[in-house]
Amino acid sequence: MLQFYNSLTRKKESFKPLKEGEVSLYTCGPTVYDEAHIGNFRTFMFEDLLKRVLILSGLDVKHIMNITDVDDKTIKRAADQNMPLQELTEKYTKMFYDDLEWLKIIPADDYPLATQHVDGMISMIASLLEKGHAYKDDDGSVYFKVASFPKYGQLSHLIFEEQQSADRMASDEYSKEAAQDFALWKGWKDDDGNVVWDAPWGKGRPGWHIECSSMSTEYLGDHFDIHCGGVDNMFPHHENEIAQSQCASGKPFVNTWLHSEHLMVEGGKMSKSEGNYYTVNELKSQGFTPENIRYQLLSGHYRTKINFSLAKKQEGEKIVKRLSEFKARLKAESNETKLGAEFPKEYQLFQENLFCDLDTPNALAVFFDYMRKINRKIDNDNMGEGEASAALLFIEKFNYIFGIIPDDNAIPGEIINLMNERETARLEKDWALADEIRSKIDSLGWNVKDTQSGSKLSKK
RNA sequence: GGCGUCGUACCCAAGCGGUCUAAGGGGCCGGUUUGCAAAACCGUUAUUCGCCGGUUCGAAUCCGGCCGACGCCUCCA
């Protein structure tokens, strides 16, 4: 049984999709004004984990992730770089897709672009105006009237008192009726240049929040199962989405909200404005593999803050290597794949942990315990009938969820030749030569292990 | 100021009132194995869970206070 911690109720709830066997999932995507950083990817990695666990449980998942390709930041960056908006956003969208692929994140079914869905946003805003949930401003902007939605604040549990917003009201350049009212549509200004759409109430561009409300409901229906994002999107973004969507459709919006905690660096939040962040490309050039990064991001629970540090690189490498060795050992152990092999009993426990609010730390612990047990059996030549096949089934599912075991590398002929030379030397007990060849193989990036069943090679 | 999270071994980290003399991983040290390595395995590394009180037959787990770290309160994954 699947259970998730719903941010809306702040409780773990058992999860039942609206349609049997199918899950509609919307995850907030990046604003493509710059390269995404590893903190952003923690959230995307968590969402990928969620999707994999849903699939593992036997559900079909329809996953939509938006791309914010128009907003204050993209417009400003494009202007700064003297570049058309679209050229800038296409460049970073491409980089984003590349990073996702490199990190082995399963692609969404669709990545709708905000700029291609402005019509839908305009009609949602029109409907909100019509129903009295929004009002126009002299400059062509349209604001959502928070006072018209009594349940506002249900997700973030914030209470809006006059004192709190008094300061901001005074310094606000817009003539909003209330400080917490937010822009559905931003009237055109000089800075916007040619970034402009026509709406019945005037030229301008959509506000940020309306984009997700409009696109999520367009692709998944007015009422769908799961919406995710980082904790910092809880307020105001998701709170505003709920208000807009429910007021526009008159129906419930999302059943389950899941939010991942921040990735920290040096004990503080990783963010663009602080400048304390790593991009995927930076980590790549530091020698991180996707498997290593996946391990760093998935070994802590998604609702706890985790600290990312370069110092953890060795730890990740060790884990990845151990798992790869284990897989290779199992393969050697089970020459023929037993048809109808069954999962070991530990697999049940592994799954239960994942189904209980994506408990990766405990799922990992279950797998490590199991791995030690099987390794011990192999050491003692004590494997039962079909046990290696069962273990291979388990490790395959394990890797489907975590994705931390790299694909096997083909061994180059040059290395094989060196290995053969070394075997000859060893048979002749020419240890000096054997050691020399081993260090040569080592320098070419491969490890040699002498086992009872012969020497084995593995990629470093 | 308001809302909220967290503080467990050298490091990361689970722990959802009793099976906790506290998982799992990394590291350290010792051992088995090995031509030597590597890998794997075995053993050791917290009588203790930020501090002080309280509730309870029983608390790392619940309550109160204090100290410390962090996040949100309309840029933000």
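In what follows, chains carry the letters A, B, and so on, assigned in the order in which the sequence lines appear, proteins first and then strands, with residues in each chain numbered from 1.
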*Asks:* With P as the reference atom in both, quote the distance from C10(B) to C36(B) in angstrom, rounded to an integer.
*Replies:*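 Looking at atom P only, C10(B) and C36(B) are 35 Å apart.
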*Asks:* Rounded to the nearest 0.5 Å, how far apart are CZ of F398(A) and NZ of K327(A)?
*Replies:*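 Separation between the atoms: 11.5 Å.
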*Asks:* Does G71(B) pair with anything, Watson-Crick or G-U wobble, both distances under 3.5 Å, and if so, with which nucleotide?
*Replies:* C3(B)
*Asks:* Over 60° means perpendicular and under 30° means parallel, so tell me whether Y152(A) and F235(A) are parallel, tilted or perpendicular.
*Replies:*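 Taking F235(A) first and then Y152(A), their aromatic rings stand perpendicular (interplane angle over 60°).
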*Asks:* Would you mind classifying the nucleic acid contact of K456(A) as base, sugar-phosphate or nothing, using non-hydrogen atoms under 4.0 angstrom?
*Replies:*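 The answer is nothing, as K456(A) stays clear of every strand by at least 4.0 Å.
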*Asks:* Salt bridge or not between D357(A) and R303(A)? Use side-chain N to carboxylate O under 4.0 Å.
*Replies:*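 Judged by the 4.0 Å cut-off on N to carboxylate O distance, D357(A) and R303(A) do form a salt bridge.
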*Asks:* Between R372(A) and G24(B), is there a contact of a side-chain N or O with OP1 or OP2 at under 4.0 Å?
*Replies:* yes
*Asks:* Between C70(B), C41(B), C72(B), which one does the side chain of D379(A) approach most closely?
*Replies:* C41(B)
*Asks:* What interatomic distance, in whole Å, is found between P of A77(B) and the corresponding atom of C16(B)?
*Replies:* 34 Å
*Asks:* Rounded to the nearest Å, what distance is computed from the CE atom of residue M234(A) to the P atom of nucleotide U74(B)?
*Replies:* 15 Å
*Asks:* For the pair D139(A) (side chain) and S141(A) (backbone), establish whether a donor and an acceptor sit closer than 3.5 Å, ignoring hydrogens and angles.
*Replies:* yes
*Asks:* To the nearest 0.5 Å, what is the distance between CE (M83(A)) and OG1 (T89(A))?
*Replies:* 10.0 Å
*Asks:* Is the phosphate of A40(B) approached by R322(A) (side-chain N or O, under 4.0 Å from OP1 or OP2)?
*Replies:* yes
*Asks:* Write down the distance separating the P atoms in C42(B) and G58(B), rounded off to the nearest Å.
*Replies:*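 The answer is 38 Å between these two P atoms.
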*Asks:* R303(A) near the nucleic acid: base, sugar-phosphate alone, or nothing, with a heavy-atom cut-off under 4.0 Å?
*Replies:* nothing
*Asks:* Using whole Å, report how far CG of N375(A) lies from P of C42(B).
*Replies:* 9 Å
*Asks:* Whether the side chain of Q351(A) engages the backbone of Q348(A) through a donor-acceptor N/O pair (distance < 3.5 Å, no angle test) should be reported.
*Replies:*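 No, because the side chain of Q351(A) does not come within donor-acceptor range (under 3.5 Å) of the backbone of Q348(A).
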*Asks:* R77(A) near the nucleic acid: base, sugar-phosphate alone, or nothing, with a heavy-atom cut-off under 4.0 Å?
*Replies:* nothing
*Asks:* Given that both distances must come in under 3.5 Å, which nucleotide forms a Watson-Crick or G-U wobble pair with A9(B)?
*Replies:*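 Matched A9(B) with nothing under the 3.5 Å cut-off.
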*Asks:* Hey, is F368(A) stacking on G24(B)? Ring centres under 5.5 Å, planes under 30°.
*Replies:* no
*Asks:* Identify whether any heavy atom of G300(A) sits under 4.0 Å from a base atom; if not, whether one sits that close to sugar-phosphate; answer base, sugar-phosphate or nothing.
*Replies:*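 No contact.
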*Asks:* Looking for any heavy atom pair under 4.0 Å, which part of the strands does V448(A) touch: base, sugar-phosphate only, or nothing?
*Replies:*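 Base contact.
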*Asks:* OH of Y295(A) versus P of G25(B): gap in Å, rounded?
*Replies:*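 To the nearest whole Å, that distance equals 9 Å.
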*Asks:* When you get a sec, tell me which of C41(B), A77(B), G26(B) is the closest nucleotide to the side chain of N233(A)?
*Replies:*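 Among C41(B), A77(B), G26(B), the one nearest the side chain of N233(A) is A77(B).
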*Asks:* Are F4(A) and F15(A) near enough that their ring centres are under 6.0 Å apart?
*Replies:*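 Yes, close enough.
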*Asks:* Using residues 95-103 of chain A as the side-chain source, report each donor-acceptor pair under 3.5 Å to any protein atom, sequence neighbours left out, with the distance given to one decimal.
*Replies:*
residue : atom : partner : partner atom : Å
D98(A)  : OD1  : K94(A)  : NZ           : 3.3
D98(A)  : OD2  : K94(A)  : NZ           : 2.8

*Asks:* Suppose you measure atom C1' in U44(B) against the same atom in A9(B); what distance do you get, rounded to whole Å?
*Replies:* 13 Å
*Asks:* May I have the distance from F367(A) (atom CZ) to G24(B) (atom C1'), rounded to whole angstrom?
*Replies:*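 Distance check: F367(A) CZ to G24(B) C1' gives 13 Å.
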*Asks:* Does K449(A) pair with E325(A) as a salt bridge, N-O distance under 4.0 Å?
*Replies:*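 Yes, this pair counts.
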*Asks:* Could you state the atom-to-atom distance from CD of Q314(A) to P of G26(B) in whole Å?
*Replies:*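 Distance, rounded to whole Å: 14 Å.
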*Asks:* What is the separation between atom CZ on F235(A) and atom C1' on U5(B), rounded to the nearest whole Å?
*Replies:*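 Those two atoms, CZ and C1', are 19 Å apart.
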*Asks:* Base, sugar-phosphate, or nothing for K318(A), non-hydrogen atoms under 4.0 angstrom?
*Replies:* sugar-phosphate
*Asks:* Kindly point out which of A77(B), G24(B), G35(B) is positioned nearest to the side chain of W431(A)?
*Replies:* G35(B)
*Asks:* Taking any strand in view, what nucleotide pairs with U48(B) in a Watson-Crick or G-U wobble way, both distances under 3.5 Å?
*Replies:* none
*Asks:* Considering every strand and a 4.0 Å limit on heavy-atom distances, what is the contact class for D72(A): base, sugar-phosphate, or nothing?
*Replies:* nothing
*Asks:* Can you tell me how far P in G25(B) sits from the matching atom in A39(B), rounded to whole Å?
*Replies:* 16 Å
*Asks:* Drop me the distance from Y295(A)'s OH to K318(A)'s NZ, to the nearest 0.5 angstrom.
*Replies:*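 Going from the OH atom of Y295(A) to the NZ atom of K318(A) covers 11.5 Å.
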*Asks:* For a quick check of understanding: with a heavy-atom distance under 4.0 Å over all strands, which category does K429(A) fall into, base, sugar-phosphate or nothing?
*Replies:*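 Here K429(A) touches no strand at all.
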*Asks:* Among residues 343-364 of chain A, which ones have heavy-atom contacts with RNA chain B below 4.0 Å?
*Replies:* P361(A), N362(A)
*Asks:* Checking all strands, does Y302(A) fall into the base, sugar-phosphate, or nothing category for heavy-atom contacts under 4.0 angstrom?
*Replies:* nothing
*Asks:* Taking only side-chain N and O atoms of R329(A), does any of them lie within less than 4.0 angstrom of OP1 or OP2 on A40(B)?
*Replies:*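 So the side chain of R329(A) is outside the cut-off, no N or O lying under 4.0 Å from OP1 or OP2 of A40(B).
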*Asks:* Taking for each residue the nucleotide of RNA chain B with the nearest heavy atom, is it K449(A) or I306(A) whose nucleotide lies nearer the 5' end?
*Replies:*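 Between the two, 5'-proximity favours I306(A).
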*Asks:* Does the base of C75(B) carry an N or O that pairs as donor and acceptor with the side chain of D71(A) under 3.5 Å?
*Replies:*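 Check fails, no donor-acceptor contact within cut-off.
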*Asks:* L263(A) near the nucleic acid: base, sugar-phosphate alone, or nothing, with a heavy-atom cut-off under 4.0 Å?
*Replies:* base
*Asks:* Classify M270(A) by what it touches in the nucleic acid, base, sugar-phosphate, or nothing, heavy-atom distance under 4.0 Å.
*Replies:* base
*Asks:* Rounded to whole angstrom, note down the C1' distance from U21(B) over to U45(B).
*Replies:*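 Comparing C1' positions in U21(B) and U45(B) gives a spacing of 16 Å.
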*Asks:* Is any side-chain N of the basic residue among E291(A) and R294(A) closer than 4.0 Å to the acidic one's carboxylate O?
*Replies:*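 So E291(A) does not pair with R294(A) through a salt bridge.
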*Asks:* Can you find a donor-acceptor pair, distance only, under 3.5 Å between R438(A) side chain and A38(B) base?
*Replies:* no
*Asks:* Find the partner of G18(B): check Watson-Crick (N1-N3 plus N6-O4 or O6-N4) and G-U wobble (N1-O2, O6-N3) distances, both under 3.5 Å, and reply none if neither fits.
*Replies:*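 The base-pairing partner of G18(B), which may sit in any strand shown, is C57(B).
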*Asks:* Closest to the L158(A) side chain: G35(B), C73(B), A77(B)?
*Replies:* C73(B)
*Asks:* Atom CD of E177(A) to atom C1' of U74(B): distance rounded to whole Å?
*Replies:* 17 Å
*Asks:* Can you tell me how far C1' in A46(B) sits from the matching atom in G7(B), rounded to whole Å?
*Replies:* 16 Å
*Asks:* Assign D450(A) to base, sugar-phosphate, or nothing according to its heavy-atom contacts below 4.0 angstrom with the strands shown.
*Replies:*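 Answer is base: heavy atoms of D450(A) come under 4.0 Å of a base.
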*Asks:* Using both distances under 3.5 Å as the test, list the Watson-Crick or G-U wobble partner of G43(B), or none.
*Replies:*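 When the pairing criteria are applied, C29(B) turns out to be the nucleotide that pairs with G43(B).
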*Asks:* Would you tell me if any nitrogen or oxygen in the side chain of K11(A) comes within less than 4.0 Å of OP1 or OP2 on C16(B)?
*Replies:*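 Checking C16(B) against K11(A), no side-chain N or O comes under 4.0 Å of OP1 or OP2.
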*Asks:* I'd like the P distance from C49(B) over to G54(B), given in whole Å.
*Replies:* 16 Å
*Asks:* In whole angstroms, how far is the C1' atom of A38(B) from the NZ atom of K459(A)?
*Replies:*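 Computing the K459(A):NZ to A38(B):C1' distance gives 17 Å.
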*Asks:* Is the number of heavy atoms from other residues, nucleotides or ligands within 6.0 Å of NZ (K145(A)) greater than 12?
*Replies:* no
